[in-house]
**Student:** 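Structure provided below as C-alpha cells; questions to follow.
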Amino acid sequence: MSAAPAGTEPGFRDSVDLMSNRAVAHLDLPRGLEEKIRVCNATYTVRFGVRLRGDIHTFTGYRSVHSEHMEPVKGGIRYATSVNQQEVEALAALMTYKCALVETPFGGSKGGLCIDPRAWEEDELERITRRFAYELVKRDLIHPSQNVPAPDMGTGEREMAWIADQYARMHTTDINARACVTGKPLAGGGIAGRVEATGRGVQYALREYFRHPEDVAKSGLAGTLDGKRVIVQGLGNVGYHAAKFLSEEDGCKVIAIAERDGGLFNPLGLEVERVREWIAKHGGVRGCPEGTYVEHSALLLEEECDILIPAAMEGVIHQQNADRIRAAVIIEAANGPVTALADEILRRKGCVIIPDLYANAGGVTVSYFEWVKNLSHIRFGRMQRRQEEARHQLLVDELDRVLRKAGLDDTLSESFRKRYLSGADELELVRSGLDDTMRTAYQSMREVWHTRDGIEDLRTAAYIVSIERVADSYRTKGL
Ligand code: GLU
C-alpha cells in the first residue's frame with residue numbers, strides 16, 4: 001500500500017500542524033499559547049541491544065510526549081519498520097487533540113519501535129519488548145500517573161501484558177501497577193471490549209453521523225447506513241472490526257477490501273469474516289474466492305463507494321490520488337490517512353471527511369475505562385448488576401400481578417422479560433460508555449461546524465473543540 005510519494009508534500013508532522021493551524025486561524029488565542037499547544041514537549045529516543053540468534057541486535061525506539069496539560073499522557077506503542085521520530089511526534093500530537101475531543105483526561109503521547117514484528121519469534125519479541133519497556137519504565141515514560149501506553153499498529157494485548165509485567169517487576173510495591181498500560185488481556189487486568197473498541201467506535205461514529213440528515217446531505221448521500229457501499233483499506237484490528245460490525249449489524253455492503261498483498265472486490269458484498277479467516281490461513285488475500293483479486297490494492301480506494309474507511313496507516317490518500325477518490329464520505333479509522341493537501345482537494349470535491357481524532361477515538365476511550373478499572377481495582381458492574389436485576393424483577397412481578405388481576409393472561413413477552421431483567425455486565429457498560437462518548441463528541445464538533453462562521457469541515461471543527469479545551473486547561477492552571 002503506497003503512502004504519499006516522498007518529497008511531494010509536507011511530512012506527517014507538518015501535515016498535522018497544517019490542519020491544526022487551520023483551526024487556530026478561527027480562534028483568538030493569546031500570543032504564544034498557540035505555539036505552546038502545537039509543539040511537542042519532548043521526544044525520547046532509545047537505542048538498545050538485545051542478544052538474539054547469536055548476535056547483538058540494536059533496536060531504535062521512541063516515546064514522544066506532545067502535551068502534558070493533563071497527566072498521565074496517553075497513546076499507543078507502534079511496531080513497524082517505518083517508525084521514525086517525525087511520525088511518532090505527529091501521532092503524539094493527534095493523541096492530545098483526540099483525548100481533548102472525547103474528554104478522556106489525558107495529555108498526548110505516542111511510542112514506536114523500529115522493527116518488523118513478523119521477522120521475530122514470539123519469545124524474541126518478548127525479550128525485545130521487555131527491554132524496550134525497561135528503558136521507558138526507568139525514565140517514568142511508562143507509569144500509571146505519568147505515561148500510559150496502549151496497543152497500536154503491530155502491537156496488541158500480548159505486548160501490553162509483557163509491558164505491564166515488566167513495570168510490575170520494577171515497581172514491586174506499586175498497588176496501581178496494572179494501570180501503567182492499557183489494552184491488556186482480560187486475564188491480565190484488561191477490560192471487556194477493548195480489542196474491538198476502535199472498530200466499534202468507527203461504527204458508533206458513523207451511526208451518529210447518519211442520525212443527522214443535514215450532515216449526511218452535505219456528502220450527497222441520504223438515508224441510513226443500510227445498503228451503503230463500503231470500501232475498507234486494511235483488515236487489521238481496526239478495519240476488521242469496523243467492517244464486520246457495519247456489515248453484520250448496520251446492513252452495509254463491504255464491496256472492497258484493500259490489503260498489503262492486494263485487494264478483493266465484490267460489488268455484491270464481501271463476507272468480512274471469511275476474508276479474515278482466509279488471510280489468517282494464507283497470509284494474504286490472494287486466491288480468496290470471496291471476490292475478484294486486484295493486485296494493485298491502492299486502486300481499490302479509487303472505486304466508487306459511499307463510505308471509504310482507510311484503516312491502515314498514514315498518508316495513503318495524498319495529493320496524487322485524492323482527485324480520483326470517488327467516496328462520498330471518508331471516515332479516518334487510521335491516524336492521518338489523508339494528507340493536508342489531499343484534505344484540501346477532497347473538501348473542494350464535496351467529500352465529507354470524518355476526521356481521525358474523532359473517528360478512531362474509540363480505542364483511547366475504552367483505554368480510559370480500563371485505566372479507571374485498574375485504579376479502582378474492581379470490575380465495572382460488579383456492585384450493582386444483581387441489585388439492578390432484583391429491582392427490575394420487583395417491577396416485572398408487580399406488573400404481572402396487576403395484569404393478571406385485570407384479567408389479562410397474555411402478559412409481558414418473554415423477550416422483553418429477558419432483556420429487561422438482565423443487569424448490565426462490564427461489556428454492556430463499556431459499549432454504553434463508548435456510544436455516549438462518540439455521540440457527545442460528534443455533537444460538540446457539529447455545533448462548531450454549523451454555528452461558527454467560515455467552518456467548512458468537520459476536521460477544522462474537531463480541532464477547534466480540542467484546541468479550545470487544551471487552551472482552557474492551560475489558562476486555568478497557568479503555564
Ligand atoms: N493507539 C490507539 C490510538 O491511536 C489507542 C491509544 C490508547 O488507547 O491510549 O488512539
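In listed order, ligands and their atoms are each counted from 1.
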**Student:** List ligand 1 atoms under 4.0 Å from V364, heavy atoms only on the residue side.
**Tutor:** 7 (C), 8 (O), 9 (O)
**Student:** Ignoring hydrogens and geometry beyond distance, is a side-chain donor-acceptor pair present between Q146 and D140 at under 3.5 Å?
**Tutor:** no
**Student:** Atoms of ligand 1 less than 4.0 Å from K110 heavy atoms?
**Tutor:** 1 (N), 3 (C), 4 (O)
**Student:** N321 side chain to I317 main-chain N or O, any donor-acceptor pair under 3.5 Å?
**Tutor:**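 No, because the side chain of N321 does not come within donor-acceptor range (under 3.5 Å) of the backbone of I317.
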**Student:** State, yes or no, whether a side-chain contact exists between K74 and T104 at a heavy-atom distance under 4.5 Å.
**Tutor:**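 Counting from C-beta outward, K74 and T104 never come under 4.5 Å.
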**Student:** If we set the cut-off at 4.0 Å for heavy atoms, which region of N335 has an atom near ligand 1: side chain, backbone, both, or neither?
**Tutor:** side chain
**Student:** Please classify the P149 to ligand 1 contact at 4.0 Å (heavy-atom distances, strictly less than): side chain, backbone, both or neither.
**Tutor:** neither
**Student:** Under 4.0 Å from a heavy atom of A150: give me the atoms of ligand 1 that qualify, with their elements.
**Tutor:** 6 (C), 7 (C), 8 (O), 9 (O)
**Student:** Quick one: do E344 and K349 satisfy salt bridge (Lys or Arg N to Asp or Glu O under 4.0 Å)? Show the steps, please.
**Tutor:** CA-CA 9 Å; E344 215 170 295; K349 282 168 52 139; over 6 Å; no
**Student:** Can you label the angle between the H69 ring and the Y474 ring as parallel, tilted or perpendicular, going by 30° and 60°?
**Tutor:**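 If you compare the ring of H69 with that of Y474, the planes turn out tilted.
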**Student:** Can you list the ligand 1 atoms lying under 4.0 Å from a non-hydrogen atom of G363?
**Tutor:**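 Ligand 1 atoms under the 4.0 Å threshold to G363: 8 (O).
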**Student:** So F106 and W371, would you call those rings parallel, tilted or perpendicular, with 30° and 60° as cut-offs?
**Tutor:**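 The rings of F106 and W371 stand perpendicular, inter-plane angle above 60°.
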**Student:** With respect to R194, determine whether any N or O atom, backbone or side chain, lies less than 3.5 Å from an N or O atom of ligand 1.
**Tutor:** yes
**Student:** Looking only at the aromatic ring of each residue, does the gap between the centers of H212 and W449 stay below 6.0 angstrom?
**Tutor:**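 Not close enough - the centres of the two rings lie 6.0 Å or further apart.
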**Student:** Name the option, out of T365, I77, D152, that contains the heavy atom nearest to atom 1 (N) of ligand 1.
**Tutor:**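 Nearest option to atom 1 (N) of ligand 1, by heavy atoms: D152.
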**Student:** Is the Y97 to Y463 ring centre distance short of 6.0 Å?
**Tutor:** yes
**Student:** Give the atoms of ligand 1, by number and element, whose distance to some non-hydrogen atom of K98 is under 4.0 Å.
**Tutor:** 3 (C), 4 (O), 10 (O)
**Student:** Which atoms of ligand 1 sit under 4.0 Å from any heavy atom of P151?
**Tutor:** 1 (N), 2 (C), 5 (C)
**Student:** Thinking salt bridges, do R385 and E426 make one under a 4.0 Å N-O criterion?
**Tutor:**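 Looking at E426 together with R385, the answer is no, because their closest N to O distance does not fall below 4.0 Å.
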**Student:** Distance to 0.1 Å, residue and atom name: give those for the protein heavy atom nearest to atom 8 (O) of ligand 1.
**Tutor:**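 Protein heavy atom with the smallest distance to atom 8 (O) of ligand 1: S367 OG, 2.6 Å.
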**Student:** For atom 9 (O) of ligand 1, what is the closest protein heavy atom, and at what distance to 0.1 Å?
**Tutor:** K74 NZ, 2.8 Å
**Student:** If you measure every N/O of M95 against every N/O of ligand 1, is any gap under 3.5 Å?
**Tutor:** no
**Student:** Can you list the ligand 1 atoms lying under 4.0 Å from a non-hydrogen atom of G76?
**Tutor:** 1 (N), 6 (C)
